[in-house]
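The structure appears right after this line, and notes come after that.
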Amino acid sequence: MKMSLDRRSVLWIVGILVATAAFCGMIVRPQFGRLVSLNAMIDREHTEITSGQNSPQSIAQLQQEVEELSRLAARFDEQIPREADLGGIVQTLAAFAEAHQLRPDSIKPGAAVTYSDVTGLPIAIRVRGPFQAIFELIKSIEQSPRLTQMERCAVIADNDGKAVTAELDFRVFFRAS
């Protein structure tokens with residue numbers, strides 16, 4: 001079988017070859033160069049990331065972070081204990097008031113309110129004494145290891161002008177088990 005090509009077929013074949021060459025030269029070749037460049041950039045980034053993972057500085061920093069997280073986790077039971085321990089809370093408040101030379105007129109717990117994972121126990125305390133001492137009492141409550149939330153603080157000057165009466169409402173939290 002003999003195949004013969006006429007001039008028209010040859011022109012079509014040449015045209016297709018030219019179009020294919022133009023496509024490869026103008027579209028495929030630049031994209032291939034870009035692909036090579038991106039692969040090189042990925043290799044550089046990968047090398048940079050893996051070299052930093054094993055450096056002594058990185059390991060030391062991770063150890064410090066682990067120690068800090070362990071310390072915070074150990075304090076969690078102290079911040080949000082499993083039981084309300086109302087007696088302990090009242091003793092602590094009385095000790096704070098006594099330490100700041102305040103006279104506690106009343107300490108009244110309220111009805112506990114349960115949130116999703118914790119329960120808040122409202123406490124209302126009324127104390128009398130110098131304003132600075134009441135300010136120190138509030139700081140002591142806020143700095144106690146137990147998680148507390150101050151809700152209201154009303155300070156009223158007494159008639160003699162030497163002392164004030166403060167009404168403090170706050171919540172003490174424990175786990176809702």
Side-chain angles (χ1 to χ4, degrees), residues 1-86 88-89 92-93 96 109-125 134-155 168-177:
M1 172 177 206
K2 226 177 191 192
M3 203 155 113
S4 68
L5 293 173
D6 60 354
R7 182 178 171 99
R8 191 173 180 197
S9 297
V10 170
L11 286 175
W12 270 103
I13 291 171
V14 169
I16 290 172
L17 288 174
V18 168
T20 303
F23 177 78
C24 287
M26 292 178 13
I27 305 281
V28 174
R29 187 169 180 243
Q31 292 299 327
F32 185 73
R34 186 167 179 235
L35 179 64
V36 169
S37 171
L38 286 174
N39 280 334
M41 185 175 74
I42 289 170
D43 289 340
R44 283 191 308 273
E45 293 290 330
H46 185 266
T47 302
E48 184 178 324
I49 289 170
T50 56
S51 69
Q53 287 177 343
N54 297 326
S55 73
Q57 295 163 337
S58 176
I59 292 171
Q61 181 181 0
L62 287 174
Q63 285 175 336
Q64 287 176 346
E65 289 176 16
V66 167
E67 288 171 6
E68 176 67 16
L69 290 173
S70 296
R71 187 181 62 75
L72 290 174
R75 288 191 56 221
F76 184 75
D77 279 338
E78 191 177 350
Q79 291 174 333
I80 306 175
R82 293 193 184 281
E83 292 88 26
D85 186 25
L86 183 58
I89 294 169
T92 302
L93 289 173
F96 284 162
V113 178
T114 301
Y115 302 100
S116 61
D117 294 331
V118 295
T119 299
L121 180 65
I123 306 279
I125 183 172
I134 291 175
F135 178 73
E136 293 298 323
L137 171 69
I138 293 171
K139 281 182 15 183
S140 295
I141 292 170
E142 289 180 341
Q143 293 172 351
S144 72
R146 187 89 183 247
L147 179 64
T148 59
Q149 175 187 24
M150 188 64 67
E151 292 183 337
R152 186 178 77 91
C153 174
V155 179
L168 309 173
D169 295 339
F170 58 95
R171 290 190 192 276
V172 176
F173 293 94
F174 61 97
R175 284 186 229 162
S177 347

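With rounding to the nearest 0.5 Å, the separation of OG1 in T148 from CD in Q143 is 10.0 Å. Residue L147 holds its CG atom at 8.0 Å from CD of Q149, rounded to the nearest 0.5 Å. With rounding to the nearest 0.5 angstrom, the CE atom of M41 is 14.0 Å from the NE2 atom of H46. To the nearest 0.5 Å, atoms NZ (K139) and CG (L137) are separated by 11.5 Å. Between the CD atom of E83 and the CG atom of L121 there is a distance of 13.0 Å, given to the nearest 0.5 Å. Taken from CG in D169 to CD1 in I125, the straight-line distance is 10.5 Å, to the nearest 0.5 Å.
Residues F170 and M150 have side chains in contact (heavy-atom distance under 4.5 Å, counting atoms from C-beta outward). Between F135 and I138 the shortest side-chain heavy-atom distance does not fall below 4.5 Å.
In terms of heavy atoms, A84 sits closest to I89 at O-CD1, 3.3 Å. When all heavy atoms of G25 and P30 are compared, the closest pair comes out as O-CD, 3.7 Å. Between R171 and G120, the shortest heavy-atom distance links the atoms NH1-O, 4.0 Å.
Counted within 6.0 Å of CZ on R152, heavy atoms from surrounding residues, nucleotides or ligands total more than 12; the atom is thus considered enclosed.
Remark: F32 pairs with V36 by the side-chain contact (heavy atoms from CB on, under 4.5 Å) rule, at least two apart or across chains. Residues meeting the side-chain contact (heavy atoms from CB on, under 4.5 Å) test with V155, sequence neighbours left out: F131, C153, V164, A166. For E68, the side-chain contact (heavy atoms from CB on, under 4.5 Å) test picks out R71, L72, with sequence neighbours left out. Annotation: side-chain contact (heavy atoms from CB on, under 4.5 Å) contacts of T114 (sequence neighbours excluded): T119, A176. In this structure E142 satisfies the salt bridge (charged side-chain N to carboxylate O under 4.0 Å, His left out) test with no other residue, sequence neighbours excluded. The salt bridge (charged side-chain N to carboxylate O under 4.0 Å, His left out) search around R7 returns none, not counting sequence neighbours.
Remark: side-chain polar atoms of T92 are paired, donor with acceptor, to backbone N or O of G88 under 3.5 angstrom. Of the possible polar contacts, one joining the R146 side chain to the F173 backbone as a donor-acceptor pair under 3.5 Å is found.
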Please tabulate, for the side chains in residues 9-20, all donor-acceptor contacts under 3.5 angstrom to protein atoms that are two or more places apart in sequence or on a different chain.
{"unit_1": "S9", "atom_1": "OG", "unit_2": "D6", "atom_2": "OD1", "d": "2.7"}
{"unit_1": "T20", "atom_1": "OG1", "unit_2": "I16", "atom_2": "O", "d": "2.8"}

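Each of V172, L168, I123 was evaluated against L93; a single residue qualifies, I123, per the side chain to side chain contact (heavy atoms under 4.5 Å, CB included) test.
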